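Take a look at the structure below.
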Amino acid sequence: MPTKRSIYLDYAASTPTDPQVVEAMLPYFTDIYGNASGAHAQARASAQAIDDARHSVAAVLGCDPEEIVFTACGTEADNLAIRGVAWAKKQLGEGNHLITTPIEHHAVSHTFNQLCERFGFEQTIVPVDSHGVVDPHAIAAAIRPETTLISVMYANNEVGSVQPIADIGALARSRGIAFHTDAVQAAGYESLSVNSLNVDLLAISGHKIYAPKGIGILYVRRGTNLLPTLTGGGHEMNRRPGTENVPYIVGIAKALELVERKRDTENLRQRELRDKLIDGVLNNIPGSQVTGHPTRRLPNSASFVFSGCEADPILMHLDLAGIQAASGSACTTGNPEPSHVLTAMGIPHELGLSALRLSVGRQTREADIDAVLEILPDVIEKVRQLNPTYQMMS
Ligand code: PLP
């Protein structure tokens, strides 16, 4: 149960559902519940809601509604993009070589690994620099005649670094290679204009943009060969079978419309809070370091490492003080190894174990940042005092 004080700084892991989103969804649980494939008034009302949602999402992405596929989550959108294109192109005899980076979410990296370990694909994992950014020239150098797909995440979930997506997309297009980006963290903060970004496939997750968990979107550029990864009915224009989850589809479309409308003002506001947090930590905690790119990072993302600490006790002390934070990505919390992202950025093993991610969001206020800046220096000190190795070194 939350303690008296509750400061939520884990928006990168999940966001609360916007009440306006809940309101938009509610009729589709109880009043309009028809299966959208049917041939009666209830079914038509559901089909209309899906159609409206598809148009609304397409307006944000600057694409045709037919290029939008609703999925059950961001992970599924990534899987469908990668497996779908890799298989389709292999079947057409275009090749079996894939390119990605070492900092991708497991929804991407584990999919690549399985394709390579079990299904005869090959991958080149292009390194990132110490800020967690990949160089498009290095991607260009990795391209082979049999390369069919490049996948580079838009913004990293652990350190917030934003990748040069439009440049990589232009490169991929000039070489006739499909380009996928996992935009799960970038959505709501960065432009999702698929034409400016030169992407062929782009994945979004509902619960990072104030919609519920368990709904996602995949943009698929017209003409992209995609073998469906689920088999069943002809839903989503034969790309993703399964009776449509109408309330959640309505919800994610509403959420995307709202984050897009608030994007400029929220980016400014959240960036100010985030910068105050970063400056406060660096100025008040000796041995602290920001991870990720100093400027080209998501406006809500602050991530640190601290010498002489491990993340778990930091998180525990913060939690006891009512501050909810994360170490690395939500999916790897509890793993005693440093995250694959920090390792790829060349952060030493011991330091990587201390990773702390504080991600602000819509409900974050300046008083929350002040409270964290008051509590965190003592927490780090306490954790260091309990670390015998740190005691010997200091
Ligand atoms: N990609 C990134 C970058 C993420 O941060 C996440 C969630 O943490 C996902 C994909 C997976 O999205 P979902 O939780 O909707 O499956």
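Just so you know, ligand 1 is whichever comes first in the structure, and atom 1 is the first atom listed for that ligand. Computed from a prediction, not measured in an experiment: that's the story for all the values here.
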Quiz item: In terms of atom number and element, which parts of ligand 1 are under 4.0 angstrom from non-hydrogen atoms of H207?
Solution: 13 (P), 14 (O), 15 (O)

Quiz prompt | Proximity to ligand 1 by part of N156, non-hydrogen separation under 4.0 Å | solution = neither

Quiz item: Which word best sums up how the rings of F119 and W87 line up, parallel for under 30°, tilted for 30 to 60°, or perpendicular for over 60°?
Solution: perpendicular

Quiz prompt | Per-atom contacts of ligand 1 with C73, taking only distances under 4.0 Å to non-hydrogen atoms | solution = 15 (O), 16 (O)

Quiz item: Hey, is M153 touching ligand 1 through its side chain, its backbone, both or neither, going by heavy atoms under 4.0 Å?
Solution: side chain

Quiz item: Among the heavy atoms of E76, does any lie under 4.0 Å from an atom of ligand 1?
Solution: no

Quiz prompt | Heavy-atom proximity to atom 13 (P) of ligand 1, best of G216, A186, G74 | solution = G74

Quiz item: Does the gap between the ring centers of H106 and H340 come in under 6.0 Å?
Solution: yes

Quiz prompt | Donor on one side chain, acceptor on other, R83 and N79, under 3.5 Å | solution = yes

Quiz item: Using a heavy-atom cut-off of under 4.0 Å, does the side chain or the backbone of T75 touch ligand 1, or both, or neither?
Solution: both

Self-check item: Y210 six-ring face occupied by R362 cation (under 6.0 Å, within 45°)
Solution: yes

Exercise. Taking atom types as modelled, find out whether H97 and T147 have a side-chain donor-acceptor pair closer than 3.5 angstrom.
Key: yes

Quiz item: With distance as the sole criterion, is a donor-acceptor pair present between the side chains of R274 and T364 under 3.5 Å?
Solution: no

